[in-house]
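Here the structure comes first, spelled out in C-alpha cells, and everything after it is commentary.
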Amino acid sequence: MASTANAIDARGVSKVFKGAGQDEVRALDNVSVTIRENEFFTLLGPSGCGKTTLLRLIAGFDFPTEGEILLHGENIALLPPYKRPVNTVFQNYALFPHMTVGQNIAFGLEMLGKPKDEIAARVSEMLKLVRMEELKDRRTSQISGGQQQRVALARALAPRPKVLLLDEPLSALDYKLRKDMQIELKRLQHDTGITFIFVTHDQEEALTMSDRIAVMSKGKILQVGSPHDIYVRPVDHFVANFIGETNFLKGKVISSKGGKATVELAPGGTLLADVPEAGLPKGEISLVVRPENATLVKPGKGDLSGTVETIVYFGTDTHVHLKLTDGTAFMVRQQNAAGSGVDVKTGDKAGIAIAAGTPRILMD
Amino acid sequence: MSDATRIAENARRADIRNRWWLTAPALFILFVAAIGPLLVVLLYSFMLKGDFGDVKYGQFSLDGWFSVFFERDIFDDTVGIAEAHVSILWRSVKLSLITTLLTLFIGFPTAYYISIQEPRRRDLLVFMVTIPFWTNILIRTFAMQEVVRNEGVINTLLVWSGIVDRPIQIMYTDWAIFFGMVYVYLPLMVLPLYASMEKIDFRLVEAGYDLYAGRFQVLRRVIIPLVKPGIVAGSILVFIPSLGAYVTPRVLGGGKNLMLGNLIDLQFGQGKNWPLGSALSITLLVIVTVALLFYVRNASKSGGGHGH
C-alpha cells in the first residue's frame with residue numbers, strides 16, 4: 001500500500017433520485033473530490049446538501065447515476081456494501097438489538113470468517129480502545145446513548161476498514177458528551193491510522209476535528225480545504241456564511257496587482273483585499289471581513305464608520321453590531337481582556353479599523 | 001378519622017364497587033360463553049355414554065378417557081393402545097406442523113415483499129391478504145376443490161401442457177389437505193409476520209450489509225431474529241386451528257384421511273360416544289394450551305430486544 005495513494009477518489013459523481021411521477025432530485029451533481037489516506041475528512045453542509053448521499057455512495061448503500069468512486073485506485077462504485085473494505089457508523093448507531101455489545105462488535109469479523117480466537121482477541125481490543133470492557137455482555141438497549149455511540153464505533157472499527165464513514169454520529173448526544181466524543185474520535189483516528197470521512201452540519205464540529213473539510217450545498221462541493229483555509233479564505237457567500245460569523249461588504253475593484261486588489265467600498269472608503277485564486281469576478285464584488293479582524297476606533301478614524309446599534313456581551317468577548325453609513329449591517333467582535341477594546345454605547349458613532357491582509361474577495 | 005380521609009375512603013370504595021358493576025357483563029359473557037361450555041365438555045368426558053348418544057347424567061365413568069388412548073379387544077378383552085386414535089392424533093400434529101412450515105415459507109417472502117413497498121401500496125396489499133376472510137371457509141374449501149380435483153385447474157393445465165398424460169390424483173390425498181389448509185391459513189401467517197417486519201429499522205439491514213454480511217447472512221443473522229416474535233405468533237396462529245381443522249380434511253381429504261376434528265365429530269355423530277368425543281376435545285385443548293404456553297414464554301423472552 002503506497003502511502004501516497006488516495007483513500008477515496010470520487011470522479012464526476014452524480015446521483016439522481018426518481019421521485020413520484022416525473023420528479024427527479026439531483027442529490028449529487030458532478031462531484032469530484034479526493035480524500036487522502038489517514039486523513040480526517042469532513043463533509044460539511046446543511047441538510048439536503050448531498051453529504052449523506054455521497055457517504056452512502058462510498059458505503060455502497062446506493063449506487064451513483066454517473067461517475068466512479070475509487071478506493072485506493074480501484075473502482076468500487078458498483079460493488080455491494082459487503083464487498084467494500086469500508087465501514088459505517090450510523091447516525092442512530094443501528095446497533096443490533098438482539099445481540100450483546102460483544103456480539104455486535106464481533107459481527108463484522110464473523111462475517112469475514114475470522115477464526116474464533118482472533119475474533120475474541122479483537123473484540124476485547126476494541127472494547128478497550130473505546131473504554132467499554134465492563135459492558136461486553138450487556139444488551140445494547142441497556143446502555144446509554146454515549147455508550148451506544150462507542151459500541152457503534154468499535155463495531156465499525158473492528159474489521160479494520162480502509163475507510164471509516166461517520167454519518168452525523170454525534171448529533172444525538174448532548175453538548176457535554178458531544179465535546180468528549182469529538183476528542184475521543186480524534187484520538188481513535190490517530191491511534192488506528194484509518195481514514196475517517198465524517199459527515200456533519202455542525203460547522204464548529206467540522207472546524208475543530210477535521211484535517212480537511214469539503215463544504216457542500218445543493219449537491220455540489222463548493223470548497224475543499226483545511227479548516228483554516230476555509231475559514232480565512234472562503235470562496236463564496238455560502239461558505240463564508242456557513243462557517244463562522246461574517247461581515248459582507250459590497251464594492252468595486254479599482255485596481256489590482258500581485259494578488260491584491262484595491263476595492264472602493266459601497267459604504268465609502270477603500271480597502272486592500274486578497275483576490276481569489278480563480279481570479280476576479282466581473283462587476284460588483286463582495287468582500288468578507290471576519291468580526292474578529294475588525295476593531296472599534298475613534299469616530300473619523302479607521303477604514304469604515306458607523307453607528308452602534310446593539311451590544312451583546314458573551315463573557316470572553318463582546319459583539320458590537322453597527323450600521324454603516326449606507327445601511328449595511330456590520331459586526332465587530334472585541335475581546336474582553338483587561339484594558340482592550342473601546343467603550344461605546346448604543347447610538348455612538350464609531351470608526352472601524354480592519355486588520356490589513358484579512359479582507360477577501362468572494363467569487364460571487 | 002378526619003372528614004377528608006373519610007370522604008376519600010368512601011370515594012375509593014365506590015370506585016371499586018363501580019368497577020365490579022362495570023366489568024360484570026364482560027365476566028358474565030366470559031363465563032357463559034367460554035368457561036361454562038368447557039366445563040360441560042369436561043363433565044361429559046367423565047360420564048357414562050348413553051345408548052343413543054348423549055350421556056347418562058350423574059354416572060361417573062373413565063371410559064371416555066380410557067378410550068382416548070386404549071382399546072379393549074372385543075374377543076379376549078385384552079387392553080391395547082388405541083392405534084386408530086394415536087395415529088390420527090399424530091397425523092393431525094404432523095399435518096399441522098407441515099402446514100405451519102409451508103405457510104411460513106410462503107408467508108415470509110410475501111410479508112417481506114409487502115413491508116418494503118411504499119406505504120400506500122403496502123396498505124392495499126395487506127387489505128388484499130385479508131380478502132379471503134370475507135368468504136365462508138366451506139366455500140373457500142370447495143373453491144380449492146375446483147383447483148385440485150382431477151378435472152380441476154391444476155390437472156387441466158398439466159394435461160394440456162403435456163407434462164402428464166393422465167390427471168394426477170391430488171383430491172382425497174394429504175396433498176389436497178395441504179393445498180386447502182395452506183390456502184385457508186396463509187393470511188394468519190402473513191399478517192403477524194408483516195406486523196413484525198414493518199417495525200424493522202431498515203438501517204439494521206444496511207448495518208448488516210456494511211459489516212460484510214451477504215444477503216443470506218443478513219436474512220439469517222439480522223432479519224429473522226428481529227421478526228422472531230412475528231414468526232412465533234404466526235406459527236401458533238396457524239398451528240392451533242390446523243390441529244382442530246374439520247372442514248378442510250373433510251371436503252378435500254375425503255372420508256379416509258381423518259384429522260382430530262373429524263374424529264371428534266364422528267364421536268358426537270355416528271359413533272354416539274359423547275364422553276369419548278369430550279375427552280378427545282379436552283386432549284386437543286391441552287395440546288393447544290401447551291403450544292400457547294410455549295408461545296407466551298418465547299414472546300416474553302424476545303420482548304425486551306426492541307427500542308433504543
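None of the values given here were measured: they were computed from a predicted structure. Worth knowing before you read on, the calculation uses all heavy atoms, side chains too, and leaves out hydrogens, waters and symmetry mates.
In this structure, the side chain of B:Arg140 engages the main chain of B:Pro132 through a donor-acceptor pair within 3.5 Å. Listed for the B:Ser92 side chain is a donor-acceptor partner under 3.5 Å among the backbone atoms of B:Leu260. At least one donor-acceptor pair closer than 3.5 Å links the side chain of A:Asn104 to the backbone N or O of A:Phe96.
Taking 4.5 Å as the limit, every side-chain heavy atom of B:Asp210 sits out of range of all side-chain heavy atoms of A:Phe107.
With a threshold of 4.5 angstrom between heavy atoms, A:Arg56 approaches chain B through side-chain atoms but not through N, CA, C or O. Neither the backbone nor the side chain of A:Gln91 comes within less than 4.5 Å of any heavy atom of chain B. Contacts between A:Phe90 and chain B at a heavy-atom distance below 4.5 Å involve the side chain alone, from C-beta outward.
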